[in-house]
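The chain is numbered in sequence order, starting from 1.
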Amino acid sequence: MLWVEVLALTFLAGLTTAGTAATLFEFAARRELRFARPFVSSDRLPRSVLVTLLAGSFMLCNDALNARREGLLSGLGLGACGLAAALWVLGWGAAVLALAAGLFSSLA
């Protein structure tokens, strides 16, 4: 059952860091986080990649929920976006834990 605990820790680490980043970006911009300006633009590609890496799962969820409200996305499509966002959070959590492990092992 250790793999369940590791998976849960990884997911929660990703959810916490992505959620914190998403909240800070929304607070700074005073707008809903989306795959649109001011968060994503071709003029500032490095910043757009960083914002998408950190909070892209929440951007995907916001855009999917807005599309569902407008009738542009089916329930199956919304579920697929939710699954993709969960996998995104899981991957980000793995990266965060790997960075933390590397940082703390170099300090010891």
Could you check whether atom CG of Leu72 has more than 12 heavy atoms from other residues, nucleotides or ligands sitting under 6.0 Å from it? yes

Inset, instruction - Give a yes or no on whether Leu90 and Leu53 share a hydrophobic cluster (residues Ile, Leu, Val, Met, Phe, Trp, Tyr; joining criterion: side-chain heavy atoms under 4.5 Å apart). - result: yes

Quick note, salt bridge (Lys or Arg N to Asp or Glu O under 4.0 Å) partners involving residues 64-74, not counting sequence neighbours, are none

So for atom CZ, which belongs to Arg47, do other residues, nucleotides or ligands contribute more than 12 heavy atoms lying within a distance under 6.0 Å? yes

Side chains of Leu7 and Phe11, heavy atoms from C-beta outward: is any pair under 4.5 Å? no

**Item:** Cluster link Leu50 to Leu24, ILVMFWY, side chain under 4.5 Å
**Value:** no

Can a donor-acceptor pair be found between the side chains of Trp92 and Ser57 at a distance below 3.5 Å? no

Sequence neighbours excluded, the answer for side-chain hydrogen bond (donor to acceptor under 3.5 Å, both in side chains) partners of Arg34 is Asp63

With the 4.5 Å side-chain cut-off for hydrophobic clustering, are Val51 and Phe35 part of the same group? yes

Any Glu32 side-chain heavy atom under 4.5 Å of Glu26 side chain:
yes

Practice item. Return yes if some donor-acceptor pair links the side-chain N/O of Ser48 with the main-chain N/O of Ser41 below 3.5 Å, else return no. Key: yes

For Arg44, the salt bridge (Lys or Arg N to Asp or Glu O under 4.0 Å) test, sequence neighbours excluded, returns none

Practice prompt. Would you check if the side chain of Ser105 reaches a backbone N or O of Gly102 as a donor-acceptor pair within less than 3.5 Å?
Written response: yes

Rounded to the nearest 0.5 Å, the CE atom of Met59 sits from the CZ atom of Phe25 at a distance of 8.5 Å

- Message: Between Leu73 and Leu60, is there shared hydrophobic-cluster membership here, with clusters defined by ILVMFWY side-chain heavy atoms closer than 4.5 Å?
- Response: no

Smallest heavy-atom separation, Ala21 atom then Leu54 atom, equals CB-CB, 4.0 Å

- prompt: Hey, any chance Trp88 and Leu78 share a hydrophobic cluster, counting ILVMFWY side chains that come within less than 4.5 Å of each other, even indirectly?
  reply: no

